[in-house]
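Taking it in order: structure first as structure tokens, then the write-up.
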Amino acid sequence: MRVGIIGTGFGGIGIAAELLRHGYADLRLWERADDLGGVWRDNHYPGAGCDVPSPLYSYSWAPTTRWHRRYALQDQIHDYLRDVADRFGVSPLIRYGRSVVSATWDDEGATWTVGFADGSTEEVEVLISAVGQLSEPHIPAVPGVDDFAGTSFHSARWDHDADLDGKRVAVVGIGASAIQFVPHLVERAAEVTLFQRSANYILPKPDGPLPDWYAPGVAVERRLFRSLGEGFSRGMHDGSKVGEVQRRVALAHLRRQVPDPELRAKLTPDTPIGCKRILFSNNFYPAVSQPHVELVTDAVQEVTAGGVRAGGVEHEADVLIWGTGFATQAFDHGIEVTGRDGHTLAKQWGDGARAHLGVHVPGFPSLFLLYGPNTNLGGSSIVVMLEAQSRHIRSVLDHARRAGKHQVEVTTAAELQWDTEIQQRLATTSWAHCDNWYRHPVSGRITSNWPGSTREYDARLDALDPTEFAWT
Ligand code: NAP
């Protein structure tokens, strides 16, 4: 089988290694950039790192004891991915500068024709999309967004040439990325203005450098953090005692680190715990408490040549940084995917993306998604989910090979049953109770998140039920 994989982040590298280990040799990975790494290539803002402990934020089949901290920084994770790609034979299969713009199913030939930005095409029998949920930066359509006269960039496209020293810097959006780069910004800028639309729950981060002699039993640490992650995720369910503990710990952290009652009130969330991603930081609150930092909670009205207007006040700035997250609802990332009978994925997903097991879409034979709809987590590690998906896709291909079949397509009934169950379970999670990036903006469907534990997801993906698919 000729297999094509779009993307070279944790998803793409992981499935390629899984398939190579099991005898699939005819693979190619298309990468639009000139380096692998996905979000760990793109997010190199100061302080970028992971809030999942490294033993769990790495492949179980490629453990490393070289982590310098419990929570690795971006360059260490990026190096790890490069190393894994080299060691497991994936690197030579990557074609850089290959930006996929379309994929069209040909029923007669049972192949996908993949189109690239340069007008060329390639044909494969199996197409695997590993484009991620957080790869397209989002800058909101604020009036005047293009009028700013100073330097402006998104956190995932950090401009390291921008002069921040002694400058007035404005940051719009305070989420998982901003809480990591703001403390670094505050050390360099003369004035920092933070525009916060919603306050976050922030927990202390049990982080720190690991001494040279530290050679942990990686497998033991992995099991420990996985169990802790499962417990943490339970906090996202309505009425959860775990959620109540998380809320209290977060508010105690806020009280301890922010003595000023006025500032503390602005930083106190008014949403249920877990509804937006729970964050971890030891240095964000102290940074916001600095005298040269202002936290503005009025809505951003417009961007002007000289700054940002909010609450009728113009806040002047030399540099404007967007910490406004990603376009999370376009799971196809602008790639025009056309399946059986000319149906497009974009149209089929008009009210929000959905896929059986987060992997299979009816009408789109031999197309597999990694980190697809309803596979994101509120706790634990996405790498665990990606491994389950990779094993599952490989077992589907094994089954097809053994049965002498050339294409596989999930039945509409199986997908409907899955989606109905998942949506019912999601209705009683905290994600259903506020606006967040997990939901479709029009239909309100929660399209990003998985409501169960990673162990349940493992079990369900490992138990392949051939009757849920048409094998041709
Ligand atoms: P984010 O968490 O989605 O935060 C975006 C911020 O921008 C939010 O505060 C949002 O406010 C604000 N915003 C959006 N539109 C706005 C507007 N029109 N006006 C004012 N504010 C606006 O984005 P992110 O910080 O880049 O993180 C995205 C995801 O990446 C995270 O949830 C996480 O999954 C992942 N991430 C992970 C790590 C890690 O350590 N593992 C680190 C960074 C990122 P509202 O909250 O009101 O919408």
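Every number for a ligand or one of its atoms is a count from 1 in the order of the listing.
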Report yes or no: does a heavy atom of [X] sit under 4.0 Å from some atom of ligand 1?
X    : result
I174 : yes
W40  : no
G323 : yes
F195 : no
A156 : no
V300 : no

Heavy-atom proximity to atom 4 (O) of ligand 1, best of A299, G175, A141: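 Heavy atom nearest to atom 4 (O) of ligand 1 belongs to G175.
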If hydrogens are left out, which of Q301, Q196, R277, R197 has an atom nearest to atom 10 (C) of ligand 1, that is, the closest non-hydrogen atom?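 It is R197 whose heavy atom sits nearest to atom 10 (C) of ligand 1.
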With the threshold set at 4.0 Å, does a side-chain nitrogen-carboxylate oxygen contact exist between [X] and [Y]?
X    : Y    : result
E336 : K347 : no
E244 : R234 : no
E415 : R354 : yes
E221 : R226 : no

In terms of the angle between their ring planes, are F331 and W349 parallel, tilted or perpendicular, with boundaries placed at 30° and 60°?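 It falls in the perpendicular class, over 60°.
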Among L185, D159, V172, side chain to side chain contact (heavy atoms under 4.5 Å, CB included) partner for I321: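 It is L185, the one option of L185, D159, V172 that forms the side chain to side chain contact (heavy atoms under 4.5 Å, CB included) with I321.
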Could you give me the CA-CA distance, side-chain angles and deciding distance for Y438 and N376, then say whether side-chain hydrogen bond (donor to acceptor under 3.5 Å, both in side chains) is met? CA-CA 9 Å; Y438 313 132; N376 184 59; 4.7 Å; no
What protein heavy atom sits nearest [atom], and how far off is it?
atom                    : value
atom 3 (O) of ligand 1  : W437 CD1, 3.5 Å
atom 26 (O) of ligand 1 : S177 OG, 2.7 Å
atom 23 (O) of ligand 1 : G325 CA, 3.1 Å
atom 12 (C) of ligand 1 : G173 CA, 3.6 Å
atom 30 (O) of ligand 1 : L134 CD1, 3.5 Å
atom 39 (C) of ligand 1 : D51 OD1, 3.3 Å

Under 3.5 Å, N or O to N or O, is [X] touching ligand 1 that way?
X    : value
S155 : no
G49  : yes
K276 : yes
H138 : no

Taking atom types as modelled, find out whether [X] and [Y] have a side-chain donor-acceptor pair closer than 3.5 angstrom.
X    : Y    : answer
H44  : H160 : yes
E18  : S390 : no
Q389 : Y371 : no
S91  : D86  : yes
T304 : E314 : yes

Does only the side chain of Y45 get under 4.0 Å from ligand 1, or the backbone, or both, or neither? Count heavy atoms.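 Contact part for Y45 vs ligand 1: side chain (C-beta onward).
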Side chain, backbone, both or neither: which part of A176 has a heavy atom under 4.0 Å from ligand 1?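 For A176, backbone and side-chain atoms both sit under 4.0 Å from ligand 1.
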After noting the C-alpha distance and the side-chain angles of R391 and D458, does the key distance pass the salt bridge (charged side-chain N to carboxylate O under 4.0 Å, His left out) rule? CA-CA 9 Å; R391 280 196 311 275; D458 267 4; 3.3 Å; yes
Is the distance from the ring center of W40 to that of Y80 below 6.0 Å?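 Between Y80 and W40, which both carry aromatic rings, the centre distance is not below 6.0 Å.
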Atoms of ligand 1 less than 4.0 Å from [X] heavy atoms?
X    : result
P140 : 17 (C), 18 (N)
S198 : 45 (P), 46 (O), 47 (O)
C50  : 40 (O), 41 (N)

